[in-house]
Amino acid sequence: IDFQLARGADTISGSVFSMSAGELSLTSITLSPVTSESRLQLSAPLISLSSAPATITSSSFSWVELSSGEGSVIHAEIGENQMLKITGSADAKNQFTNCQTSYQNGGAIYVKCSSSSSLFVQHTEFTKCTSSGNGGCVYINCVDATELLKKENFSESPVTSTDSDK
């Protein structure tokens with residue numbers, strides 16, 4: 001699925017994909033503005049998950065800016081015993097390019113985990129993603145959960161931690 005907005009229509013109000021029950025599976029999604037000089041302005045994260053497992057595979061998101069909230073592309077609150085899986089392959093990677101939040105945490109992705117929930121990210125590239133808070137690419141707020149970030153490429157994207165226990 002390719003999402004491109006017509007010239008001059010560079011704002012999306014509300015999430016395009018929103019799930020609070022069931023399971024979401026997105027494959028080969030491409031979201032980018034029509035011209036390289038514009039940026040997609042969002043009033044809510046593009047993908048909003050609340051206690052719903054999800055898989056995002058071989059997708060590309062570029063020049064996305066969230067004006068308020070956390071995680072411009074994905075805002076996920078993973079329920080107990082559920083997983084958010086963001087994966088591709090060596091030939092078909094997920095790509096997050098120039099994604100940003102101008103308000104809080106998680107330039108591209110914000111994840112809040114419950115106990116026994118999991119985040120799995122593999123074959124995914126982050127390039128020039130930023131946030132005004134923490135987590136230029138990914139912000140993870142998990143307690144007693146399984147987190148796995150594997151084979152990632154964080155290019156020109158700041159990585160910060162504010163964990164007071166460390």
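Since this is a predicted model, take the numbers as computed values, not measurements.
- A side-chain contact (heavy atoms from CB on, under 4.5 Å) with Phe96 holds for exactly one of Ile109, Val64, Val138; it is Ile109.
- Taken to the nearest 0.5 Å, the CG atom of Leu26 stands 11.5 Å off from the OG atom of Ser58.
- Nearest heavy-atom pair, Ala54 versus Leu49, reported as atom, atom and distance to 0.1 Å: CB-CD1, 3.5 Å.
- Closest non-hydrogen pair, Gly79 versus Ser117, comes out as O-CB, 3.2 Å.
- Minimum interatomic distance between Ile78 and Ser118 (heavy atoms only, all atoms of both residues): CD1-O, 3.6 Å.
- The shortest side-chain heavy-atom distance between Phe61 and Leu46 falls under the 4.5 Å cut-off.
- In this structure, OG in Ser50 is found 10.0 Å from NZ in Lys112, a value given to the nearest 0.5 Å.
- In this structure, the side chain of His123 does not engage the main chain of Thr87 through any donor-acceptor pair within 3.5 Å.
- Cluster membership for Leu42 and Tyr103, using ILVMFWY side-chain heavy atoms within less than 4.5 angstrom, is not shared.
- Once rounded to the nearest 0.5 Å, the distance linking OH of Tyr110 with OG of Ser131 reads 12.0 Å.
- Contact check on Lys93 versus Glu125 returns a salt bridge, with a Lys/Arg side-chain nitrogen under 4.0 Å from an Asp/Glu carboxylate oxygen.
- In this structure, Ser72 contributes its side chain and Gly107 its backbone to a donor-acceptor pair below 3.5 Å.
- Rounding to the nearest 0.5 angstrom, the gap separating the OG atom in Ser62 from the NZ atom in Lys128 is 12.5 Å.
- The main-chain N or O of Ser60 is never found under 3.5 Å from a side-chain atom of Thr30 such that the two would form a donor-acceptor pair.
- Here the side chain of Ser102 pairs a donor or acceptor atom with the backbone of Leu66 at under 3.5 angstrom.
- Here the shortest heavy-atom pairing between Asn94 and Ile56 reads ND2-O, 3.6 Å.
- Counting all heavy atoms, side chain and backbone alike, Gly22 lies closest to Pro53 at O-CD, 3.3 Å.
- In terms of heavy-atom proximity, Glu70 sits nearest to Asn105 at OE2-ND2, 3.1 Å.
- Side chain of Ser48 to main chain of Ile74: no donor-acceptor pair is present (N/O by atom type, distance under 3.5 Å, no hydrogens or angles).
- Leu24 is not listed as a side-chain neighbour of Thr55, based on a closest heavy-atom distance of 4.5 Å or more.
- The CD atom of Gln82 lies 13.5 Å from the CG atom of Leu119; values are rounded to the nearest 0.5 Å.
- Atoms OG1 and NE2, from Thr101 and His75 in turn, are 11.5 Å apart once rounded to the nearest 0.5 Å.
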